[in-house]
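Just so we're on the same page: letters track the sequence lines, and every chain starts at 1.
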Amino acid sequence: MEYNFVSIEEKWQRYWREKKVYNSSNSSDLPKYYVLDMFPYPSGSGLHVGHPLGYIASDIISRYKRTKGFNVLHPMGFDSFGLPAEQYAIKTGQHPKITTENNIVRFKEQLNKLGLSYDWDREIKTSDSSYYKWTQWIFLKLYNSYFDKEKNKAVNIDDLKIPKGLENDQINKFIDSKRLAYIDTIDVNWCEELGTVLANEEVIGGLSERGGYPVIRKPMKQWVMRITDYADRLLEDLEDLDWPESIKSSQRNWIGKSEGAEISFQVDNNNKIDVFTTRPDTIFGATYLVLAPEHPILDLIVAENQKEEINKYKEISSSKSDLERQENQKNKTGVFTGSYAINPMSNKKIPIWISDYVLYGYGTGAIMAVPAHDERDYEFANKFNLEIVKVINSKDDFYSGSGEIINSGKYDGIDSLEFKAVVTEILEKKGMGKKTTNYKLRDWIFTRQRYWGEPIPILHSDNGTKSIDEKNLPLELPEVDSYLPTADGMSPLARNDEWKSVSIDGKKYFRETNTMPQWAGSCWYYLRFLDPKNEFNFASEESIKYWMPVDLYIGGAEHAVLHLLYSRFWHKVLYDLNFVNTKEPFKKLVNQGMILGNSAYIFRKTDQTGYVSVELEKKYSTQKILVDIKYVNEKNELNIELLRKENSQFEKAVFEFDSTFKVHREVEKMSKSKYNVVNPDEICEKFGTDTLRMYEMFLGPLEQSKPWNTAGISGVHNFLKKFWKLYFDSNSLKVDDSKPNDNNLKVLHKCIKKVSSDIESFSFNTAVSTLMITVNELTAQKCRSKEILEPLLIVLSSFAPHICEEIWERMGNTESIVYSSFPEYSECYLQDSKKIYPVSINGKLKYKIELPSDFSKEEIEAAILSDEIFIKKLEGNKPKRVIVIPGKIINFVI
RNA sequence: GCUGAAGUGGUGGAAUUGGUAGACACGUUGGACUUAAAAUCCAAUGGAUAGUAAUAUCCGUGCGGGUUCAAGUCCCGCCUUCAGUACCA
């Protein structure tokens, strides 16, 4: 009987879907286990072999946990608001909804082909109004809350104490200024190319995260989320999470907590400048101040004769993009203001400068420069010939460490670490400073000037903002005639005039026309999966109580700060408002590594006379040209004929090579533009889904990035064929009721133990190896005992579910293997008859000695812990004296 | 620069608490079956030296030191690669 994977896989995928085998119930006596994948954005290009890695891993865990007796929740959905569909709409006029729907159909088909055990009845799409109704609802919760600093939590805005003596208008303004979701005019990251504002997290090195377009700063009115109030809690609660250290440290880094002091420098009778420093101990070395060019105090303090130059500098720096600012890192610029301030400790008069190496957005937007002990100040002082005073004892001209204080008057000799606290205290007494903490984290800019996102349920009027009544949610996306921003730069929603203006009780309001960022929908989707059809709540209280937190969250590391920080923030707000019962949403996080593509390049001679194979490349001056990997075989040989046939530019090209034309390979991210995408569908057709699933796991550790390489796939495929042959010979099932022998039992129980511990520790590659060894051994032992082969089937079924279901059925089981339980192993089959100890003589030779198996554990331990025992050396017959040094060290003395 | 992860055969990668390094798989070579190929099965496969041979000896986990009877694993100092982040005072 042949292993016909095509019909087997089709049959079982249909069976699972029709019988809804993987649906899970919200009430059960069983312990729960919630396994979540980071849901995908349904892009137009479908899945490549990199996507399934995490899905397969989480699927194996889900299947394993089910057989271990857990009620498993394993849902899937789509993060379906997003840019590409909108950009496609701008180009073609097709409604993003249609594009998105089409892509989702394709994605689902591909996911189902992978045999993933999702409960599709819980599917959600963030762009469905029944879903974004609740995204809007949560937005309103944020809008209607403020952060109580004393309680260190979010509280309903109705409980806000309003200062006495405020007029009506002022009261509204006061309330608006305290909300967790508030409007502010701030310098935003404006991306002209994308026509929208981006969050700080979405800007990388002055370029947009998506597309890599330049980003400039521009003041605009925006909705902002007060995530900074949660900085401390977001930081502290990281401690207890079972997350990769790298992710935790990027989040810590992003929050960027630093402790120091705010110190005032008096300029004149009316003005003082506050600076933030983490090194108050170096204050005697502060020989000048530097302000950010945007600092508002400048207008008050700039000396008359410097005004022109200062204004010129301000203008230049405001027109600079973040990228340009960063490029200038080595060549610092700046202008003297003509004014001086008094150093509050040394009482010296020090000059005030402006420079764009000081950022207005961080700290107070002003620094005290200590050139002897800060690298940037050192560069700046050298360039502009400013005074450098060493205040910490060291050999070098510049030193950023700690040590003995010098040149600081009566404080000389104190240790700088100690002096830090002393200075802060002295200044505090004088009213010239205080201890403070600063964060790199900024509030989250929440609005986007886009069409394809959640509408913000807010109305504007002359006296401020007003939320839409909860009863009227969802606020649906209006139809528009074009998906481009309006001529006056408003978001596309403003094109629908009828929708835009509303009147309530005779009063006129305008709708907010900006939409939410893509992160909004993914901030809380893990909660909607619990109870996706609930019309009265985002999820029922019972379902939250039963399922939360997510036990295992698998996804890519690219969401280390963005998604994972935002959703933790929202979850904490919901926790404060008593909507959820856990402080953190995701208990354990695992990052699957990226699967990289293996791009192919050929060399073109620079004189354009032809192409040369790799071995001839050095002979000519050449440049690399990308070719589609479909023209290249596993031996890196180029199929020239096919290339010529399908690409006219190569039709008459000359190809030079020795024996065969070989291409140059490079490992890169898998992407359409690199022509290195491998589609999982092809693999499924050729080898079957079970082979693909096991191969992706076999490729290497889950967390590691690795290039896709089809070369080894036949090994896994052969394994499944061998596995099949363990159960069937040419005509029929060969499993029988014969009693297994000791060796059979040993092999099986070893396998059960190893595979289960490997799965629990996410070491899927070694689990696959173990399964291979097991099948090899049982084949060699000619085992046909049902007592062995049936449990083995269950062990393998998490990895290769289709083949196992098929064999399971053919063995006479009527119920799906999904409902079976994972076999237990017993230690008695695992014990070796003899214990082997390694022995070294004088540190050089190594022997194995075997202690008799009837040595009890206690006897061995006693022997080891006592001074010496006599043991027969294996190869010789003379007994040797063995000295056992306490702590398991065995040393021969002859 | 800082933070995090990693460096093991021709390749992907295994190695509980330090205890026979290279499991498992690919590839390669040889063999069986076949008219032939595919498929399948068997054997060998880190390097070097000696030997007809079984075998023996030495060297081997990025580099240099150290601890230890014993180090891929622990400690110190470097190098390289990947990822993230960056004028954050």
(request) May I ask you to decide whether A:Glu245 forms a salt bridge with A:Arg252, counting only side-chain N to carboxylate O separations under 4.0 Å? (result) yes
(request) Select one nucleotide: of B:A15, B:C87, B:C26, the one nearest the side-chain heavy atoms of A:Asp356. (result) B:C87
Polar atom pairs (N or O), protein with nucleotides 1-6 of chain B, under 3.5 Å:
unit_1: B:U3; atom_1: O2'; unit_2: A:Ser249; atom_2: OG; d: 3.2

(request) Round to the nearest Å and state the distance from A:His559 atom NE2 to B:A83 atom P. (result) 18 Å
(request) Sequence neighbours left out, what passes salt bridge (Lys or Arg N to Asp or Glu O under 4.0 Å) with A:Lys257? Give chain and number order. (result) A:Asp232
(request) May I have the distance from A:Tyr439 (atom OH) to B:A86 (atom C1'), rounded to whole angstrom? (result) 21 Å
(message) Once ring-ring contact (aromatic ring centres under 6.0 Å, His included) is applied, do any residues pair with A:Phe698, and if so which ones, sequence neighbours excluded?
(response) none
(message) On the nucleotide B:A89, are OP1 or OP2 found under 4.0 Å from the side-chain N or O atoms that A:Tyr362 carries?
(response) yes
Could you list all N or O pairs between the protein and nucleotides 30-34 of chain B that sit under 3.5 Å apart?
none

(request) Determine the Euclidean distance between corresponding C1' atoms of B:G22 and B:U35; express it in Å to zero decimal places. (result) 42 Å
(message) Just the rounded figure in Å: distance from C1' of B:A14 to CZ of A:Phe762.
(response) 20 Å
(request) Take atom C1' in B:G65 and the same atom in B:C79, then report the distance between them in whole Å. (result) 15 Å
(message) Assuming nearest nucleotide by heavy-atom distance, tell me which of A:Asn776 and A:Ile367 is located more 5' along RNA chain B.
(response) A:Asn776
(request) Apply ring-ring contact (aromatic ring centres under 6.0 Å, His included) to A:Tyr230 and list each qualifying residue two or more places apart in sequence or on a separate chain. (result) A:Phe147, A:Phe569
(request) Round to the nearest Å and state the distance from A:Ile773 atom CD1 to B:A15 atom P. (result) 11 Å
(request) Go through B:C26, B:A89, B:A14 for me and flag the one nearest to the A:Phe276 side chain. (result) B:A89
(message) Between C1' on B:G12 and CG on A:Leu596, what's the gap in Å once rounded to a whole number?
(response) 13 Å
(request) Could you tell me whether B:G9 is syn or anti, where syn means a glycosidic angle within 90 degrees of zero? (result) syn
(message) As a test of your reading of the structure, name each stem of RNA chain B as range with range, where a stem is three or more consecutive Watson-Crick or G-U pairs at under 3.5 Å.
(response) B:1-7 with B:79-85, B:10-12 with B:24-26, B:27-32 with B:40-45, B:46-50 with B:55-59, B:62-66 with B:74-78
(request) Select one nucleotide: of B:A89, B:A23, B:A86, the one nearest the side-chain heavy atoms of A:Ser769. (result) B:A23
(message) Could you tell me if the side chain of A:Leu238 sits less than 4.5 Å from the side chain of A:Ile247, heavy atoms only?
(response) no
(request) Can you sort out the partners of A:Phe398 under ring-ring contact (aromatic ring centres under 6.0 Å, His included), two or more places apart, ordered by chain and number? (result) A:Tyr378
(message) In whole Å, I'd like the distance from the CZ atom of A:Phe719 to the C1' atom of B:A39.
(response) 19 Å
(request) Considering only atom P, compute the distance from B:G4 to B:G77 and round it to an integer number of Å. (result) 15 Å
(request) Pick out which of A:Leu778, A:Leu792, A:Val775 makes a side chain to side chain contact (heavy atoms under 4.5 Å, CB included) with A:Val747. (result) A:Leu778
Could I get a table of every N or O pair under 3.5 Å where one atom is in the protein and the other is in nucleotides 40-43 of chain B?
unit_1: B:U40; atom_1: OP1; unit_2: A:Asn718; atom_2: OD1; d: 2.7

(message) Filter on salt bridge (charged side-chain N to carboxylate O under 4.0 Å, His left out), then keep only pairs touching residues 694-705 of chain A, sequence neighbours left out; what's left?
(response) none
(request) Would you kindly give the NZ-to-P distance between A:Lys440 and B:A89, to the nearest whole Å? (result) 7 Å
(message) A quick test of your reading: do over 12 heavy atoms of other residues, nucleotides or ligands sit less than 6.0 Å from NZ of A:Lys383?
(response) yes
(message) By nearest atom, which of the nucleotides B:A14, B:C87, B:G12 is closest to the A:Phe698 side chain?
(response) B:G12
(request) Name the residue closer to the 5' end of RNA chain B, choosing between A:Met772 and A:Ala366 according to the nucleotide with the nearest heavy atom. (result) A:Met772
(request) Scan residues 749-781 of chain A for pairs that pass ring-ring contact (aromatic ring centres under 6.0 Å, His included), counting only residues two or more places apart or in two chains. (result) A:His749-A:Tyr829
(request) Check for a donor-acceptor pair, side chain of A:Tyr313 on one end and backbone N or O of A:Asp356 on the other, with a separation under 3.5 Å. (result) yes
(request) Identify whether any heavy atom of A:Pro244 sits under 4.0 Å from a base atom; if not, whether one sits that close to sugar-phosphate; answer base, sugar-phosphate or nothing. (result) nothing
(request) Take atom C1' in B:C24 and the same atom in B:C63, then report the distance between them in whole Å. (result) 30 Å
(message) Side chain of A:Asn765, heavy atoms from C-beta onward: which of B:A89, B:U85, B:A14 has the nearest atom to it?
(response) B:A14
(request) Name all pairs fulfilling the salt bridge (charged side-chain N to carboxylate O under 4.0 Å, His left out) condition that reach into residues 706-722 of chain A, sequence neighbours left out, sorted by first residue then second. (result) none
(request) Rounded to whole angstrom, note down the P distance from B:A21 over to B:C58. (result) 13 Å
(message) Tell me every residue that passes ring-ring contact (aromatic ring centres under 6.0 Å, His included) with A:Phe276, counting only those two or more places apart in sequence or in another chain.
(response) none
(message) Please report the distance separating the P of B:U8 from the corresponding atom of B:G64, rounded so that it comes out in whole Å.
(response) 16 Å
(message) Quick check on side chain to side chain contact (heavy atoms under 4.5 Å, CB included): which of A:Ile392, A:Val370, A:Asp374, A:Val391 does A:Arg279 satisfy it with?
(response) A:Ile392
(message) Rounded to whole Å, please give me the gap between CG in A:Asn438 and P in B:A89.
(response) 8 Å
(request) Sticking with atom P, work out how far B:A15 lies from B:G19, rounded to a whole angstrom. (result) 12 Å
(message) Taking B:A86 as the reference, what is the distance to B:G47 when you measure between their C1' atoms (whole Å, please)?
(response) 45 Å
(message) Run A:Phe5 and A:His717 through ring pair (Phe, Tyr, Trp, His ring centres under 6.0 Å) and show every step you take.
(response) CA-CA 10 Å; A:Phe5 55 85; A:His717 192 62; 5.5 Å; yes
(request) Count the heavy atoms of every other residue, nucleotide or ligand shown that sit under 6.0 Å from NZ of A:Lys588, and state whether that count exceeds 12. (result) yes
